[in-house]
Amino acid sequence: METSKEQASTKYADFEEKVKKTIYIDQLSPQVTTPVIKAALAQCANVVNVEFIVNYTIPYDIPSAALVELDDEVQAKAAVELMTDFPFIIGGMPRPVKATYAKAEMFRDRPPCPGLKKDFRWIKQGDGEYETMKKLKNLAKKQESENMALIKNLLDEEKELAKQQQEALDGNGKKYEMLEAVMSNGTIRKLAHHYGVSLDD
């Protein structure tokens, strides 16, 4: 029977195998769902699980990134190469997403690494590191404010891009409808006869 230490080592080894077959996708649209990712990767990989990484410190629900577990490392490599070389398609339009191999630090449910001990303590005023940590805390608040402005700008750009994509899709739809009408009402044969073109060529 395995000891608790052996069980922890086995559990972490299984987790490391999971990391190897998982990819990290960034800069996702809020419209992206698990079925969308599965459909996009279907040609090179089987998606086992999708975990969206959401920033809960902001008042916006935007799945800006996701951890996507695949069947094996070979599929992970193929998926990263696919998303590096070709655009990610959503609703018939390309998206500027990025893909890379996942790292252990990205998983919120990662088990503790065997043999790794972490120490922590509260820092009080008067401690040697107090002023340094205070400066870091103020810097973090400033970065949070800047991050909120960037996110608002991102959402505005996303809204405008969605509008442009919809207009493009509507325009393409009308073109296909027009072509279908020309084919079905016989106009195409009249035009072919007029310009001396054989439809059998």
Side-chain angles (χ1 to χ4, degrees), residues 21-102 106 145-201:
K21 57 184 181 179
T22 301
I23 64 173
Y24 173 81
I25 306 177
D26 199 5
Q27 296 185 13
L28 287 170
S29 161
Q31 300 171 337
V32 172
T33 61
T34 296
V36 169
I37 292 178
K38 287 185 175 181
L41 298 178
Q43 59 184 299
C44 69
N46 177 56
V47 175
V48 176
N49 182 58
V50 177
E51 180 185 352
F52 288 105
I53 302 175
V54 182
N55 188 346
Y56 292 103
T57 64
I58 59 176
Y60 304 112
D61 183 20
I62 51 174
S64 58
L67 288 169
V68 183
E69 181 184 354
L70 308 172
D71 277 341
D72 52 45
E73 291 182 60
V74 175
Q75 291 188 4
K77 182 176 183 296
V80 170
E81 291 177 351
L82 176 70
M83 300 187 74
T84 299
D85 297 336
F86 299 96
F88 189 63
I89 303 298
I90 300 177
M93 302 299 289
R95 297 291 312 170
V97 302
K98 295 180 180 179
T100 186
Y101 300 105
M106 297 176 177
S145 177
E146 293 173 347
N147 188 41
M148 289 294 293
L150 288 172
I151 290 172
K152 185 178 183 303
N153 184 60
L154 174 65
L155 292 175
D156 291 340
E157 291 180 353
E158 186 72 41
K159 185 177 180 180
E160 181 61 27
L161 180 58
K163 179 183 177 182
Q164 294 175 6
Q165 290 177 341
Q166 190 59 51
E167 290 174 352
L169 287 173
D170 292 342
N172 290 333
K174 290 179 180 179
K175 290 178 183 177
Y176 283 121
E177 289 176 1
M178 183 178 67
L179 289 172
E180 181 66 26
V182 169
M183 294 291 291
S184 61
N185 63 17
T187 302
I188 187 66
R189 294 193 175 277
K190 295 178 182 178
L191 289 172
H193 177 73
H194 178 77
Y195 289 105
V197 177
S198 174
L199 294 177
D200 296 328
D201 293 343

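Along the sequence shown, the residues carry numbers beginning at 1. Below, each value reflects all heavy atoms present in this structure, side chains not excepted, and no hydrogens, waters or symmetry copies.
Considering every non-hydrogen atom in both Ala79 and Ile23, the closest pair reads CB-CD1, 3.8 Å. Nearest approach of Val32 to Phe52, heavy atoms of both residues: O-CZ, 3.7 Å.
For the atom pair CE (Met106) and OG1 (Thr22), the distance works out to 10.5 Å, reported to the nearest 0.5 Å. Atom CD1 of Ile25 is separated from atom CG of Leu41 by 5.5 Å, given to the nearest 0.5 angstrom.
Residues Lys163 and Glu160 have side chains in contact (heavy-atom distance under 4.5 Å, counting atoms from C-beta outward).
Legend: residues meeting side-chain contact (heavy atoms from CB on, under 4.5 Å) with Lys38, ordered by chain and number and at least two apart, are Thr34, Val47. Judged as a side-chain contact (heavy atoms from CB on, under 4.5 Å), and not counting sequence neighbours, the contacts of Lys175 are Asn172. With sequence neighbours excluded, no residue satisfies salt bridge (charged side-chain N to carboxylate O under 4.0 Å, His left out) with Glu73. Qualifying side chain to side chain donor-acceptor pair (under 3.5 Å) partners for Lys77, counting only residues two or more places apart in sequence or in other chains: Glu81. Applying the side chain to side chain donor-acceptor pair (under 3.5 Å) rule to Asp85 yields no partners; only residues at least two apart in sequence or on another chain are considered.
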Kindly list each side-chain donor-acceptor pair under 3.5 angstrom involving residues 65-72, sequence neighbours excluded, with atom names and distances?
{"from": "Asp71", "atom 1": "OD1", "to": "Asn46", "atom 2": "ND2", "distance (Å)": "3.3"}
{"from": "Asp71", "atom 1": "OD2", "to": "Asn46", "atom 2": "ND2", "distance (Å)": "3.3"}
{"from": "Asp72", "atom 1": "OD1", "to": "Val74", "atom 2": "N", "distance (Å)": "3.2"}
{"from": "Asp72", "atom 1": "OD1", "to": "Gln75", "atom 2": "N", "distance (Å)": "2.8"}

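Sorted by first and then second residue, the salt bridge (Lys or Arg N to Asp or Glu O under 4.0 Å) pairs with a member in residues 179-193 form an empty list; sequence neighbours excluded.
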